[in-house]
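The chain is numbered in sequence order, starting from 1.
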Amino acid sequence: MSRKRKPLPILENVTITDIAAEGKSLARVNDMVVFVPFTVPGDVVDLQVRKKKHHYCEAEVIRFIQYSEKREKPFCEHFGICGGCKWQNLPYEEQIKAKQKQVQDQLTRIGKIELPEFHPIMGSQKIKEYRNKLEFGCANKRWYTKEEIAALPPKQEGETGSLTEGAIGFHITGAFDKIYPINKCWLMDNLNNEIRNEIGRYATSHDISYYNIREQHGLLRDIMFRNSNTGEWMVLIQFHYDEEGDHEKALGLLQHIADSFPQISSLLYVNNQKGNDTFGDLDIEVFKGKDYIYETMEDLKFKVGPKSFYQTNTDQAYHLYEVARNFAELNGEELVYDLYTGTGTIANFVAHHSKKVIGIEYVPEAIEDAKVNSEINGIDNTLFYAGDMKDILTDDFIKQHGRPDVIITDPPRAGMHPDVIQVILNAAPKRIVYVSCNPATQARDLALLDCDYKVMQVQPVDMFPHTPHVENVVQLYRR
C-alpha cells in the first residue's frame, strides 16, 4: 500500500523581497526560499506551495493582499498565460537593474575570478515591437485557462465531445503540446498579428486541419515571421501533408496570404514530416518573392534566410556589436577569429578594422550567407568555414591559418565546449571578446580561461525587454 502524500502547505501573508532567475521573484519564509512567478518585490501574497524541496519550494499566488508600489500594469492581454514576457508587471528601469544584478551575481558566484567594476547595462531603445523574428505553433486543441472553461456555456442534455478548437499561438510554460491562441503579440510590428489571424480565419473557413503533435497529423503546423529594418517581411509556413489534396489546400492558403498581404517579400513553405518543428535539414520552397531578406547595419547589408541566425533585436544588435568591436581594440593590422559567426554579422562588422577575419559556424547555410554578405559589401578580407566548432578549430587549423591576435566568440546558450576553450588557450590571442546570451555558462567558461586571461571590461546589454534574458560582453587580456 503506497503512502499517502502529505498535502502541500499554504503560506499566508508573505512579502516578495527580490527578483530571482527565470523571471520569478522570491520570498523567504523562516529558513525556506520560495520562488513565485508573476510577482514583483513589495507584493504581499498568500501562496500555495506546488513543489517542495529541502531548502526551497516553488509556489503560486492564490491571493494578493497588497500590490507593490513597483508593480506595472501589463500591456498584453495574454500576460501570465503564453509563457513569454514574464516581467511586463515590472517597470523597465527595474528590469534592467535586475539584469545588471543577474550578470554580476553569476559572474561572481559561478566564475569566482577577479572582476573589474562593471559598466552600467545598456537598455533597449525599444521595449515594444523590438523583435525581428517570431515563431507560432499550431494545435488542433487549444489550451483553455480555468477562467475560460468556467465561462463556457454548459453542455446541453445529450451533448458530447471535447474542446477541440484549433489554435495558432505560443506554448504555455512547460508544455510542448499545449498552444494558447494569441490575438495580439506586442513583440513585433502589428503586421504579424494581422497575417497570423488571417491565416487562422482562412484555415477555419476552408477546413484546413491543425496539427496534432501527439498523433502527428494535421496540415497547419508552424508559422515563422521575420521582418527587417529595410521594410521587408518573410513568412514561412510549415505544413504536414497527410492525405491527397493537402498540397493543394496549402497552396490555396499561400495564395490567399500573398494576395491579402503584398507587404510580404518572401513567402515560403515546407512539408515537415519529422517529429519536431525544426527545419534546418529540410528543403524550403519559395511561393512568392525570394528566399531571403536584408538587414542593414551602419553601411553594411546582411542577407538573412529562413535558416539564418540574426540577433532578434535589430536596433540593439548594432549596439551589442559596437561594444564587441570596441572591446576588440582593432587598429587594422589584426588577424581576427570570429567563432560561432552565424551569417557573418560580427565578422563583416569588424572586417574594415582588421587585416583578416576568419569566421566559423556550425550551420552550412549560414556560412553561405556569410560569404554572400562579404561579397555584397565588397569585403575581401574574410574567410568562412562550416562545421562543428570543436572539430574545425584545432591546433592544426591555427597552424594553417595563423595565430589570431583577437578572438571574438559568440556561442549558443550552452557556452563553449572545453575542447574549444583549450584550443583558444593554445592559440594565445592578445585579446578575447566573449559575447554571451547566458551569463551563467559565460562565467563557467571565464573560469576556465582565467589561468591565462584577465577580465578587463564587462558590459551587459539588454536585448529582450520584459524577459529575464540578458546579453553580456566581456573583454579579456592575456596575462
Side-chain angles (χ1 to χ4, degrees), residues 5 22-23 37 50-51 58 60 78-86 133-153 155 159-183 185 192-193 195-225 235-254 257 268-285 306-307 413:
R5 284 190 177 180
E22 299 176 1
R50 295 300 183 193
K51 187 186 292 184
E58 297 179 18
E60 63 182 38
H78 308 298
F79 174 75
I81 304 171
C82 82
C85 297
K86 294 179 179 178
K133 181 184 178 185
L134 282 177
E135 290 188 68
F136 295 88
C138 305
N140 68 321
K141 293 182 181 180
R142 60 154 288 183
W143 174 255
Y144 285 85
T145 66
K146 293 176 183 177
E147 293 77 13
E148 287 172 331
I149 292 174
L152 290 172
K155 288 183 180 180
E159 186 180 355
T160 60
S162 58
L163 303 173
T164 58
E165 183 185 350
I168 303 174
F170 293 133
H171 292 269
I172 65 167
T173 303
F176 77 97
D177 62 340
K178 295 178 174 62
I179 298 286
Y180 188 78
I182 300 299
N183 176 54
C185 178
N192 95 87
N193 297 308
I195 298 171
R196 185 185 66 256
N197 291 335
E198 184 59 23
I199 290 173
R201 189 203 64 77
Y202 182 95
T204 300
S205 63
H206 287 75
D207 198 29
I208 292 178
S209 58
Y210 288 76
Y211 191 62
N212 183 327
I213 193 170
R214 289 188 176 274
E215 298 180 11
Q216 297 191 8
H217 66 75
L219 182 56
L220 190 57
R221 180 166 185 168
D222 190 88
I223 305 167
M224 182 189 78
F225 295 90
V235 179
L236 168 65
I237 302 179
Q238 291 195 50
F239 296 105
H240 182 275
Y241 298 161
D242 290 316
E243 54 192 39
E244 190 175 346
D246 275 355
H247 182 60
E248 287 69 28
K249 284 184 177 180
L251 293 181
L253 169 60
L254 289 161
I257 295 304
L268 315 173
Y269 68 101
V270 62
N271 174 23
N272 186 350
Q273 295 290 323
K274 301 190 305 175
N276 60 62
D277 289 333
T278 60
F279 55 84
D281 56 343
L282 301 178
D283 292 329
I284 307 297
E285 302 289 339
K307 301 178 185 180
R413 290 191 62 80

Check whether any side-chain N or O of [X] sits under 3.5 Å from a backbone N or O of [Y] as a donor-acceptor pair, and report yes or no.
X: N193; Y: C185; result: yes
X: N140; Y: Y210; result: no
X: N197; Y: N183; result: yes
X: R196; Y: F225; result: no
X: Q273; Y: Y241; result: yes

Distance from [X] atom [atom1] to [Y] atom [atom2], nearest 0.5 Å?
X: I223; Y: I195; atom1: CD1; atom2: CD1; result: 9.5 Å
X: F170; Y: I182; atom1: CZ; atom2: CD1; result: 5.5 Å
X: L268; Y: M224; atom1: CG; atom2: CE; result: 7.0 Å
X: R142; Y: E165; atom1: CZ; atom2: CD; result: 5.5 Å
X: K274; Y: D281; atom1: NZ; atom2: CG; result: 3.5 Å
X: E285; Y: L236; atom1: CD; atom2: CG; result: 11.0 Å

*What orientation do H247 and Y269 show, parallel under 30°, tilted 30 to 60°, or perpendicular over 60°?*
tilted
Search all heavy atoms of [X] against all heavy atoms of [Y] and return the closest pair with its distance.
X: A139; Y: I179; result: CB-CG1, 3.5 Å
X: R221; Y: N272; result: NH1-O, 2.9 Å
X: L219; Y: K249; result: CD2-CB, 3.8 Å
X: A203; Y: L220; result: CB-CD2, 4.0 Å
X: W143; Y: E148; result: O-OE1, 4.1 Å
X: G137; Y: D222; result: CA-OD1, 3.9 Å

_ring-ring contact (aromatic ring centres under 6.0 Å, His included) involving F79 - partner list, sequence neighbours excluded_ = F38
_Listed partners of Y202 passing ring-ring contact (aromatic ring centres under 6.0 Å, His included), at least two apart_ = H206, H256
Can you confirm whether more than 12 heavy atoms, excluding those of [X], are under 6.0 Å from its [atom1] atom?
X: E248; atom1: CD; result: yes
X: D283; atom1: CG; result: no
X: E60; atom1: CD; result: yes

Validation row: [X], [Y] side chains within 4.5 angstrom (heavy atoms):
X: Q238; Y: Y211; answer: no
X: I257; Y: V235; answer: no
X: K307; Y: I284; answer: yes

*Restricting to pairs with a member in residues 205-216, which pass salt bridge (charged side-chain N to carboxylate O under 4.0 Å, His left out), not counting sequence neighbours?*
D177-R214
